[in-house]
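Written below as structure tokens is the structure these notes are about.
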Amino acid sequence: RVLILRKQAGAKAAPLAWVWLIERILDGVVLLWFLLLTLNTTVGLLLLPVLVGTSFLLFRLLLEDRRTRNVLSIGALALAGTMFAWLLPALALIGILGLCSQVVPFAAGVRAFAAGTLFGGISGFPLGVSVTGSTMIKQLVAAGVAPDVGVLVILVHRIGTAWYAVFLG
């Protein structure tokens with residue numbers, strides 16, 4: 001992506017690479033925070049300042065204009081956008097469960113999504129194949145979802161959140 005943007009926009013590659021790296025770090029930190037928040041609300045809330053501080057520190061290192069107002073506004077926007085972007089597929093998972101008459105607590109749905117996505121990403125397999133789905137199914141079954149319904153829900157969720165990009169090419 002960095003090379004494509006560099007070619008299209010004529011921008012320097014190094015800042016683009018740093019933005020990509022910061023995006024991935026924020027992705028991992030936000031997903032980890034979602035997981036911790038669902039496992040232990042107190043710990044999750046106590047780590048919120050670390051999450052916010054990480055965002056601001058990363059952008060302070062990257063931006064040429066390092067004035068506090070600039071770093072705070074860009075860091076807050078990036079963090080809020082990342083949180084929103086990861087919350088949407090978690091909500092989709094909860095919605096698909098509801099369509100299958102399998103209502104789970106909000107925290108259980110977010111936990112299943114965050115754990116699966118994190119472990120799938122750490123696995124190194126493209127799209128977290130095998131790891132993401134199986135982790136999500138295990139979490140859903142632990143939350144009381146019937147195993148056969150859990151498999152169907154994750155199949156539908158993964159087709160809608162990951163595999164559509166593969167199908168599009």
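All figures in this text were calculated on a predicted structure; none of them were measured in a lab.
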At their closest point, which heavy atom of Val129 faces which heavy atom of Arg158, and how far apart are they?
N-NH2, 4.5 Å
Ile122, Leu21: one ILVMFWY side-chain cluster at the under-4.5 Å cut-off?
no
So, the side chain of Trp86 versus the backbone of Val30: is there a donor-acceptor pair under 3.5 Å, distance only?
no
Can you check whether Ala114's main-chain N or O pairs, donor with acceptor, with Thr117's side chain at less than 3.5 Å?
no
To the closest 0.5 Å, what do you measure between OG1 (Thr161) and CD1 (Ile96)?
7.5 Å
Heavy-atom pair with the smallest gap, counting every atom of Ile154 and Gly133
CG2-CA, 3.7 Å
Filter on salt bridge (charged side-chain N to carboxylate O under 4.0 Å, His left out), then keep only pairs touching residues 25-35, sequence neighbours left out; what's left?
Arg24-Asp27
Side chains of Leu36 and Asn40 in contact at under 4.5 Å (non-hydrogen atoms)
no
Quick one: CE on Met136 to CG on Leu155, what's the gap to the nearest 0.5 Å?
12.5 Å
Closest approach of Gly120 to Ser123 (non-hydrogen atoms, all atoms of both residues)
O-OG, 2.6 Å
Would the distance check show the side chain of Thr132 and the main-chain N or O of Gly116 forming a donor-acceptor pair, the cut-off being under 3.5 Å?
yes
Heavy-atom pair with the smallest gap, counting every atom of Ala108 and Val104:
CB-CB, 4.3 Å
I'd like to check Leu37 versus Leu45 (side-chain heavy atoms, cut-off strictly below 4.5 Å). Are they in contact?
yes
Side-chain heavy atoms under 4.5 angstrom apart, residues restricted to Ile, Leu, Val, Met, Phe, Trp, Tyr: same cluster for Ile159 and Phe125?
no
Hey, quick one: are Leu118 and Leu87 part of the same hydrophobic cluster, counting side-chain heavy atoms closer than 4.5 Å, chains of contacts allowed?
yes
Hey, any chance Leu93 and Val103 share a hydrophobic cluster, counting ILVMFWY side chains that come within less than 4.5 Å of each other, even indirectly?
no
What orientation do His157 and Phe113 show, parallel under 30°, tilted 30 to 60°, or perpendicular over 60°?
perpendicular
Say whether Leu31 and Leu46 are linked into one hydrophobic cluster, either directly or through other cluster members, by side-chain heavy-atom distances under 4.5 angstrom.
no
Could you pull out every donor-acceptor pair under 3.5 Å between side chains of residues 51-58 and any protein atom, sequence neighbours left out?
unit_1, atom_1, unit_2, atom_2, d
Thr54, OG1, Val50, O, 2.7
Ser55, OG, Gly75, O, 2.9

Taking every non-hydrogen atom, the tightest pair across Phe34 and Met83:
CZ-O, 3.7 Å
The criterion is side chain to side chain contact (heavy atoms under 4.5 Å, CB included); which residues satisfy it with Ala115, sequence neighbours excluded?
Leu35, Phe119, Thr135, Gln139
Reported CG-to-CZ distance for the pair Leu77 and Phe59, which is rounded to 0.5 angstrom
8.5 Å
Heavy atoms only: give me the nearest Leu140-Ala112 pair and the separation to one decimal.
CD2-CB, 3.8 Å
